[in-house]
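Values below: every heavy atom of this structure, side chains too, minus hydrogens, waters and symmetry copies. Convention: sequence-line order gives letters A, B, ...; per-chain numbering from 1.
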Amino acid sequence: MDLKFVRENPDEARRMLALRRSRVDIEQILSLDEERRKLVRRRDELRHEQKVISEAIAKGKREKKEEAEVFERARRLSEEVKEVEVKLRQLEAEQEELAKLLPNRVHSTVNEEEEVVAHWGEMPKFDFQPLAHWDLGEALNIIDLEAAARLAGSRFVVFKGQGALLERALINYFLDTAVRRFGYTEVMPPALANFATLEAAGQLPNLAEEMYLTRDDDFYLIPTAEPQLVAYYRDKTIDAESLPMKMVAYTPCFRREAGSYGKDVRGMIRIHQFDKVELVRLTFPERSYEDLEEMRQEAESLLKELGLPYRVKRLAAWDIAFQSAKTYDLEVWAAGVGRWLEVSSISNCEDFQTRRGRIRVRGKDGKTFYPHALNGSALALPRTFIAIVENFQQKDGSVLVPPCLRPYTNGLERLG
RNA sequence: GGAGAGAUGGCCGAGUGGACGAAGGCGCGUGACUCGAAAUCACGUAUACCCUUUCAAGGGUAUCGGGGGUUCGAAUCCCUCUCUCUCCGCCA
């Protein structure tokens, strides 16, 4: 929601913010806006007068007659304009800062309750006690958490040997499927992003504490490829014929996990750096919810092919991301830890990000509009890795590689 | 890191202090010509904000990479930042 929406629908804005459990002060925004409009009016009037006088001076010069009192009036006007403009600039900055804290509106199908909308697959049964991935990983020598702690710190992971191979295979399988079967264009963006990009996509200002910031230059390590793909055309007008624009990227993702001390501390359920393949679409507003369902099907098809049982949740209004209007989460069952793990989050952000990033589309009629932006993980790697090793572990301690990955593991069918 | 050149509308490109929201071209739209099309010709072709009026319309202001300054007046002069290009240095 933007300032205009708040101004025109204050009651609806209040309802949305309550639904989202946002603490943004709408009354302050509204009163600032009133003040700003008064100043804008004053400024416009003064500027108009100034223009008229300037023209008179120009005309006088041409006719070679100068009038001292006109000059004096112009000088005073100029000072007055400057005064008003300084005040206005302050006010606008203040207002913009507040406006950036306004989250997106939520879609009408989203309410205060989350809902599990789909289930797929059978949870595996074992005639032995299945191990968690940290034990399996150590036994098979495919992940090394101790070395990761030494090299970087806690909550990092080192993949090794067949583990590194499996990680690499998953990345390539996801990318190839997105490109060949789903028709996305592969992009390899920088892993660092600037302020404007993250602000456009909605990670800033609210996620500032969740991201790593470089010290000597103001670069953020990306928490997801989403901003890089969404803001690809920031400040650009693109042609309607290129819609829907479908982009896929593999990137490492970096998260400080600042608010989650003590949560998921073991293993690699929650780590500071992880791999992810991300899908983004820019599409026509009237069909963006069809796109959302398509993207959900795409992500689901990966899990089906891998043979991993999962469930789909439609998130509650208070739980969806700042920039999103509607979000599905895909959670995969991991037999070792005995938990559902989120491996994908698929969101329709409508025109929230494209407005912030001034990403426009020129239609055939020459008019421009803001396309809708959607994003979805397909998929996040570590938890998919966890589910594979935990669900497909065998009594002898080995792990079966899902058939769809074998072209990417050089034919390796079994870890261990 | 050092030296220099540059950034103008959807695109190309002119413009070095006043009649410039900005020549010209391309593209796009509408119309004419045509059985239809191409070519040609005519007209039109940005966005945001404020005000009036609100099915439609009118007025004002801002915007020539971003920000600041000089000036009665800035696309044009000055400062600064960002980005692009060329050369030098360093380097996976």
| Is it true that the side chains of Gln353(A) and Arg356(A) contain a donor and an acceptor less than 3.5 Å apart? | no

| message | For the residue pair Tyr220(A) / Gln203(A), report whether a side-chain donor-acceptor contact shorter than 3.5 Å exists. | response | no

What nucleic acid atoms does [X] come within less than 4.0 Å of, heavy atoms only: base, sugar-phosphate, or nothing?
X        : answer
Arg76(A) : nothing
Arg36(A) : sugar-phosphate
Gln50(A) : sugar-phosphate
Ala74(A) : sugar-phosphate

| request: Between U80(B) and G73(B), how far apart are the C1' atoms? Round to whole Å, please. | output: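 Pairwise C1' distance, G73(B) against U80(B), rounds to 23 Å.
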
Between [options], which nucleotide has the shortest distance from any of its atoms to the side chain of [X]?
X         : options                : answer
Lys4(A)   : C72(B), G60(B), C49(B) : C49(B)
Arg89(A)  : C50(B), G69(B), U61(B) : G69(B)
Arg360(A) : C72(B), C51(B), U47(B) : U47(B)

| Counterpart base for G36(B), defined by Watson-Crick or G-U wobble contacts under 3.5 Å |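 Paired with no nucleotide.
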
| remark: By nearest-heavy-atom nucleotide on RNA chain B, the more 5' of Ala58(A) and Val86(A) is Ala58(A)

| To the nearest Å, how far apart are Arg43(A) CZ and G60(B) C1'? | 11 Å

| task | Grab the CG-P distance between Asp44(A) and U63(B) for me, whole Å please. | result |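 Distance, rounded to whole Å: 11 Å.
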
| Trp340(A) and Trp333(A) aromatic ring geometry - parallel, tilted or perpendicular at 30°/60° bounds |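 Answer is perpendicular, since the angle exceeds 60°.
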
| request: For the residue pair Phe254(A) and Tyr212(A), categorise the inter-ring angle as parallel (less than 30°), tilted (30 to 60°) or perpendicular (more than 60°). | output: perpendicular

